[in-house]
Participant: 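Here it is, the structure, as structure tokens.
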Amino acid sequence: MKAITLYDVALLAGVSYQTVSRVINDAEHVSARTREKVQQAMAELHYVPNRGAQQLAGKRTRTLGLITTDLALHAPSQIASAVKTRAVEKGASVLISMVENPQRCQAAVQELLAQRVEALVVNVPLEESEAAQLKALASPVPVLFLDVSPEAKVNSLVFDAAQGARLGAEHLLALGHRRIALLSGPESSVSARARRAGWQRALVDAGLAPAGEESGDWSAASGYEKGHQLLSGAELPDAILVANDQMALGVMRACAEKGIAVPGQISVVGFDDTADSAWFSPPLTTVRQAFREAGEQSVEWLLAPSSADACWQKQLPVTLVTRHSTARRTGQQASREDLAQQLKSLAILAEQLARQ
Ligand code: IPT
């Protein structure tokens with residue numbers, strides 16, 4: 001079937017080719033009556049403007065590129081959803097490229113530039129050097145990074161990981177917990193490392209050492225597996241700080257299988273507050289990263305980058321959302337701690353006696 005062109009629309013509407021073009025491009029100087037006539041003709045002919053042709057004519061594409069890590073994970077998918085929604089509201093479209101690892105980002109940038117995106121947002125955990133390389137590769141097209149260190153000299157919009165880690169740890173300490181285990185995200189992620197460092201700092205400040213440490217890959221499955229490991233020691237921890245809600249889901253499943261009550265015997269704190277976390281059982285206490293706002297602010301910046309050369313760096317605050325997976329330390333936990341202390345003193349005593 002022959003493709004319908006601007007000329008067919010012009011003929012049917014009884015106007016010139018230029019007039020049709022002006023209507024399509026929302027240009028001024030077209031009367032309401034003419035506009036309506038042209039729109040009617042377009043509808044009748046099922047005419048769809050050709051984006052490629054508009055691009056060739058040098059028109060703005062109003063197309064944004066999003067390079068993202070695995071969209072099967074809740075946080076990146078909620079960010080992508082927010083980016084897409086705000087872009088549509090602003091009359092822009094979004095091309096999404098999903099990469100398995102940072103090495104694939106360069107190819108993704110090239111592929112999106114070839115499709116004439118006007119700006120790029122990258123939600124992949126990147127080291128500063130990797131981000132700087134992508135920035136140079138995309139130049140002059142502006143790039144905004146969502147998962148880099150706040151110190152990296154690139155445009156960035158990132159959540160305050162240190163503050164988030166501190167909020168989670170201080171919440172547990174305030175509830176009287178002492179034996180706190182850590183379940184971090186993957187070592188390859190900047191934010192996972194920052195969260196772990198923040199927890200460790202808070203524990204050291206309280207004169208404590210972690211009661212067990214593991215790291216998972218952000219998935220609920222890894223939370224389940226590592227959760228079992230953290231629960232398999234001689235003494236149970238009082239509480240577990242988990243680097244994201246999906247892993248916390250897996251940890252709570254492991255607790256349930258072992259007949260360990262949350263929060264009765266163990267408190268669990270997540271990180272993210274993704275849309276489903278209020279529906280976990282029990283509803284999860286977690287550190288909220290406002291993904292929708294992050295996605296929306298990214299689009300605002302992408303459509304009007306502050307300045308081509310100056311770095312735009314913004315840190316978004318996070319908040320603690322207290323639900324029902326955390327509770328005050330119980331007498332049972334306290335006596336467990338006492339017992340552990342007594343066992344430790346006994347062990348030291350035995351060692352001293354053996355040496356004499
Ligand atoms: C980070 C999430 O907190 C985590 O749950 C996981 O989904 C990870 O992304 C995937 O890379 S949020 C990120 C913007 C630091």
Side-chain angles (χ1 to χ4, degrees), residues 66-83 96-105 108 121-128 130-131 143-152 154-165 167-168 182-199 215-224 226 241-251 268-277 280 284-299 301 313-321:
L66 166 64
I67 302 178
T68 177
T69 188
D70 192 358
L71 284 175
L73 287 173
H74 297 172
S77 76
Q78 286 173 25
I79 292 175
S81 159
V83 165
I96 300 181
S97 174
M98 194 171 95
V99 297
E100 273 137 41
N101 56 54
Q103 290 76 48
R104 307 300 299 250
C105 281
V121 56
V122 181
N123 182 21
V124 177
L126 294 175
E127 302 304 322
E128 174 159 14
E130 293 169 326
V143 190
L144 180 64
F145 294 90
L146 304 186
D147 199 353
V148 290
S149 150
E151 272 98 52
V154 290
N155 299 307
S156 66
L157 181 69
V158 294
F159 289 102
D160 191 335
Q163 182 200 17
L167 284 174
L182 310 179
L183 175 48
S184 304
E187 199 49 36
S188 55
S189 153
V190 210
S191 355
R193 297 197 303 263
R195 290 172 203 178
R196 193 193 49 213
W199 290 334
S215 80
D217 66 3
W218 300 125
S219 71
S222 77
Y224 171 77
K226 304 296 175 172
L241 283 163
V242 190
N244 78 335
D245 291 1
Q246 281 184 276
M247 291 198 294
L249 181 60
V251 166
V268 176
V269 179
F271 207 109
D272 277 350
D273 195 27
T274 40
D276 297 335
S277 308
F280 290 1
L284 190 69
T285 293
T286 188
V287 175
R288 179 175 165 75
Q289 306 196 90
F291 294 126
R292 187 143 292 279
E293 279 91 272
E296 289 172 357
Q297 288 194 28
S298 303
V299 171
W301 183 87
Q313 291 167 320
K314 184 161 179 187
Q315 232 180 349
L316 295 171
V318 295
T319 48
L320 181 79
V321 181

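One is the number of the first residue; the rest follow in order along the sequence. We count ligands from 1, going down the list as the structure has it; atoms in each ligand are counted the same way. Please read these numbers as outputs of a predicted model, since none were measured by experiment. Note that these values count all heavy atoms, side chains included, but never hydrogens, waters or copies made by symmetry.
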Participant: Just jot down the ligand 1 atoms closer than 4.0 angstrom to any heavy atom of Asp272, in number order.
Facilitator: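 Selected atoms, number and element: 2 (C), 3 (O), 4 (C), 5 (O).
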
Participant: Can you find a non-hydrogen atom of Trp218 under 4.0 Å from ligand 1?
Facilitator: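 Contact check Trp218 vs ligand 1: positive.
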
Participant: Quick one: do Ser191 and Asp147 satisfy side chain to side chain donor-acceptor pair (under 3.5 Å)? Show the steps, please.
Facilitator: CA-CA 7 Å; Ser191 355; Asp147 199 353; 2.5 Å; yes

Participant: Between the candidates Leu71, Leu73, Leu146, which shows the shortest non-hydrogen contact distance to atom 14 (C) of ligand 1?
Facilitator: Leu146

Participant: Give yes if a backbone or side-chain nitrogen or oxygen of Gln246 is under 3.5 Å from a nitrogen or oxygen of ligand 1, and no if not.
Facilitator: no

Participant: Is there a ring-ring contact (aromatic ring centres under 6.0 Å, His included) between Phe271 and Phe159? Walk through the geometry before answering.
Facilitator: CA-CA 11 Å; Phe271 207 109; Phe159 289 102; 8.8 Å; no

Participant: Number the atoms of ligand 1 from 1 as they appear, then name those within less than 4.0 Å of a heavy atom of Ser191, with their elements.
Facilitator: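 Answer for ligand 1: 15 (C).
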
Participant: Of all the atoms in ligand 1, which lie at a distance below 4.0 Å from a heavy atom belonging to Ala75?
Facilitator: 2 (C), 7 (O)

Participant: For Gln289, take its heavy atoms, then give the atoms of ligand 1 lying under 4.0 Å from any of them.
Facilitator: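 Going through ligand 1 atom by atom, the ones under 4.0 Å from Gln289 are 3 (O), 12 (S).
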
Participant: Report the nearest protein non-hydrogen atom to atom 11 (O) of ligand 1: residue, atom name, distance rounded to 0.1 Å.
Facilitator: Thr69 CG2, 3.7 Å

Participant: Checking salt bridge (charged side-chain N to carboxylate O under 4.0 Å, His left out) for the pair Glu130/Arg104: CA distance, chi angles, key distance, verdict?
Facilitator: CA-CA 11 Å; Glu130 293 169 326; Arg104 307 300 299 250; over 6 Å; no

Participant: Looking only at protein heavy atoms, identify the closest one to atom 13 (C) of ligand 1 and say how far it is in Å.
Facilitator: Asp147 OD2, 3.8 Å

Participant: Working to the nearest 0.5 Å, report the span between CG of Asp245 and CZ of Phe280.
Facilitator: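 Reported to 0.5 Å precision, the distance equals 5.5 Å.
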
Participant: Please walk me through it: do Asp272 and Thr274 pass side chain to side chain donor-acceptor pair (under 3.5 Å)?
Facilitator: CA-CA 5 Å; Asp272 277 350; Thr274 40; 5.2 Å; no

Participant: Is Gln78 touching ligand 1 with its side chain, its backbone, both, or neither, if touching means heavy atoms under 4.0 Å apart?
Facilitator: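 The answer is neither.
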
Participant: State whether the side chain of Gln313 and the backbone N or O of Ala152 hold a donor-acceptor pair below 3.5 Å, judged by distance alone.
Facilitator: yes

Participant: Roughly how far, to the nearest 0.5 Å, is CD1 of Ile79 from CG of Asn123?
Facilitator: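 Nearest 0.5 Å value for the CG-CD1 distance: 4.5 Å.
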
Participant: Name the closest protein heavy atom to atom 1 (C) of ligand 1, giving the residue it belongs to and the distance to 0.1 Å.
Facilitator: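 Protein heavy atom at minimum distance: Arg195 NH2, 3.9 Å.
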
Participant: Under a 4.0 angstrom heavy-atom cut-off, which atoms of ligand 1 come close to Pro76?
Facilitator: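 The list of qualifying atoms is 7 (O).
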
Participant: How long is the span from the OG atom in Ser77 to the CG atom in Leu71, to the nearest 0.5 Å?
Facilitator: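 Taking OG in Ser77 and CG in Leu71, the distance rounds to 6.5 Å.
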
